[in-house]
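If you read the sequence from its start, that first residue is 1, and numbering goes on from there.
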Amino acid sequence: MTPEHTENAEPTVNDGSAGNHAPAAERAGTRALPRDLVDVEALLAAYTERHPDPADPAQRVSFGTSGHRGSSLKTSFNEDHIAAITQAIVEYRADQGVTGPLLMGRDTHALSGPAQDTALEVLMGNGVHTLIDSRDGFTPTPAVSHAILALNAEVPAGVGPSDAGRAGQADGIIITPSHNPPADGGFKYNPTHGGPADTDATNWIANRANELLAGGMTEVRRIPLAEAKQHEALGTYDFLDRYVSDLPQVIDLNAIRQARVRIGADPMGGASVDYWGEIGTRHGLDLTVVNPEVDPQWGFMTLDWDGKIRMDCSSPNAMASLIERMAPAEGAGEGESAEPAPFDLATGNDADADRHGIVTPDGGLMNPNHFLAVAIDYLYRHRHGWPAGAGVGKTLVSSSMIDRVAAGLGRDLVEVPVGFKWFVPGLLAGTGVFGGEESAGASFACFDGAAWSTDKDGLLLCLLAAEIRAVTGRSPSQYYAGLVEEYGDPVYARIDAPASPEQKAKLKRMSPADVTADTLAGEPITATMTEAPGNGASIGGLKVTTENAWFAARPSGTEDVYKIYAESFRGAEHLAQVQAEAKAIVDAVIA
């Protein structure tokens, strides 16, 4: 184990990182060992005992694409952070005229419970009407998003998000670091539109939270937890019942039930654990919760590519046990047939269930880009109540297979920067009934075109895979094989290249005119862009396309590297050429 070191030489503790007993690559996909597990007692103690230094950038509040994340062991996710962020959210929603209830959910990470307690102390200290889960359970991100939309649909006309005021409208806090390792915590804000807060909101909240930290927390209004739990402003909401009851609005559950699709759902120790059981029981599905265990150490997990425990349902290493379970067993002797897979379809979700993993008997774990293409082709052919002019939403680093599928459907492609927040306006307006990211996150509209959730919904996409199997008689991987026959077979990869902070800043400021090359890997360049064509927003980097390939380069927000996403419809060798020339093009500008 590599211990956690601190400048003040405090005792080291296990943060759940892989050790140096064997190279990380050799242990990827193998079961976690005791030495890999986070010391939960030390993690929880550090949450209250350590206080961030506002002068240290690594210890300040910083909102990424999915809220503030960090670890108490690194003094980046501690009680002071959560109290300051919550106070900032209270002030932000007041500034925006939001007076409805604030819905709060949490996932199964060890720090999520203490963070909810801290937030409650501040919310009740400010008298904010707050609703937490009525079952005192874990709440997936999409359940909070769906509940916000459902409650706001009941608010009388004239006070909705499109108006100057938002009186009576609900918003939410979701406490989760998503698929991050067990030592991490996360805290994110979803405004009245139900989706991730935009950069204007997160910058305001982060700046105010850091002001509160720098001011010694004197402006944070807070009451003791015991008093907070008895406060008249605290109420409850049955997130699970609302979500499960409304599913027939968005998924053809009758088809799944009648086809008797056998589903194996793995919550991966996350917030979807009770949801899957209830979905199966209430809707009469042949659904087995593969692993109902909830363990803050995630000791049942297989290690990810870098030897860490990470609940990434798109990772073959993190999903290794489920993949193995779905692989048909060999026959016992000559002439005997292989034992069939236990399920027609197996699924996985990350800790807050906003991502999906799809495992089929014939294809194993599907590449997220492949399943997005399948979902889009199927949905736009089977959702006859969707607006005829609604486009197909994708992030600019998602596969160009989606571009070809959209063209084949006769639908406009709406390509946006990385971050699910960019899909929110279209989902709400009905002009964008599907939005998907290459990182296995997506959501789509109800049968009538109304928004289901404006945040990623991993349970929804897993159920869609079962619907596809029921309606078409093909597994999603077999469906994708049909798309390959029609549109070609792309090869996709992401690599990292070193870059200093100054070079990353240059990359972020690049303009199309900075690219002097007119070909990429032997093909004429058809487009060079630093703004997303779907909405004109900055992509924070560069994308270059040809007829059969593309690359996108974006600076990392946490490491001294930039990321090169690339794809080719001409095979692996051509992809390697694209990657090499992409690096040369970018390096020529930022060097």
- Task: Please test W452 against D457 for side chain to side chain donor-acceptor pair (under 3.5 Å), starting from the C-alpha separation and ending with a verdict.
- Result: CA-CA 9 Å; W452 164 260; D457 191 339; 2.8 Å; yes
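A donor-acceptor pair under 3.5 Å is formed between the side chain of T360 and the backbone N or O of G363. A donor-acceptor contact shorter than 3.5 Å is absent between the side chain of E415 and the backbone of G534. Within the 3.5 Å criterion, the main-chain N or O of V416 finds no donor-acceptor partner in the side chain of T395. A donor-acceptor pair is defined here as one N or O able to donate and one able to accept, closer than 3.5 Å; such a pair exists between the side chain of S399 and the backbone of M401. Using a distance-only test at 3.5 Å, with no hydrogens or angles considered, no donor-acceptor pair links the side chain of S400 to the main chain of D403. A donor-acceptor pair is defined here as one N or O able to donate and one able to accept, closer than 3.5 Å; no such pair exists between the side chain of D377 and the backbone of A373. The backbone N or O of H193 lies less than 3.5 Å from a partner atom in the side chain of T454, making a donor-acceptor pair.
Ring orientation note: the planes of Y243 and H146 are nearly perpendicular, at an angle over 60° on the 30°/60° scale. Y378 and H382 have parallel rings, their planes meeting at less than 30° on a 0 to 90° scale where 60° marks the start of perpendicular. The aromatic rings of W386 and F444 lie tilted to each other, with the angle between the two planes from 30° to 60°. Taking the six-membered ring for Trp and thresholds of 30 and 60 degrees, F77 and Y47 have ring planes inclined between 30 and 60 degrees apart.
A salt bridge does not link R242 with D238: every distance from a Lys NZ or Arg NE/NH1/NH2 to an Asp or Glu carboxylate oxygen is 4.0 Å or more. Under the 4.0 Å criterion applied to side-chain N and carboxylate O atoms, K188 and D352 are assigned as salt-bridge partners. Checked for salt-bridge contact, R262 and D286 miss the test: no charged N lies under 4.0 Å from a carboxylate O. A salt bridge is absent between R355 and E438: the closest approach of a Lys/Arg side-chain nitrogen to an acidic carboxylate oxygen does not fall below 4.0 angstrom. We find that D241 and R282 are joined by a salt bridge, their nearest charged nitrogen and carboxylate oxygen being less than 4.0 Å apart.
Of all heavy-atom pairs between I323 and L365, the closest is CD1-CB, 3.7 Å.
Atom CD of E293 has more than 12 heavy atoms from other residues, nucleotides or ligands within 6.0 Å. In R381, the CZ atom is crowded: over 12 heavy atoms of neighbouring residues, nucleotides or ligands sit closer than 6.0 Å. By the 6.0 Å contact criterion, CG on D95 is enclosed, its count of non-hydrogen atoms from other residues, nucleotides or ligands being greater than 12.
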In residues 100-115, what donor-acceptor pairs under 3.5 Å come from side-chain atoms, sequence neighbours left out?
from	atom 1	to	atom 2	distance (Å)
D107	OD1	H109	N	3.0
D107	OD1	S112	OG	2.5
D107	OD2	H109	ND1	2.9
D107	OD2	T176	OG1	2.7
T108	OG1	G269	O	2.7
H109	NE2	N180	O	2.9
H109	NE2	P181	O	3.3
S112	OG	I175	O	3.4

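Side chains of Y189 and Y92 form a contact here, defined as non-hydrogen atoms less than 4.5 Å apart.
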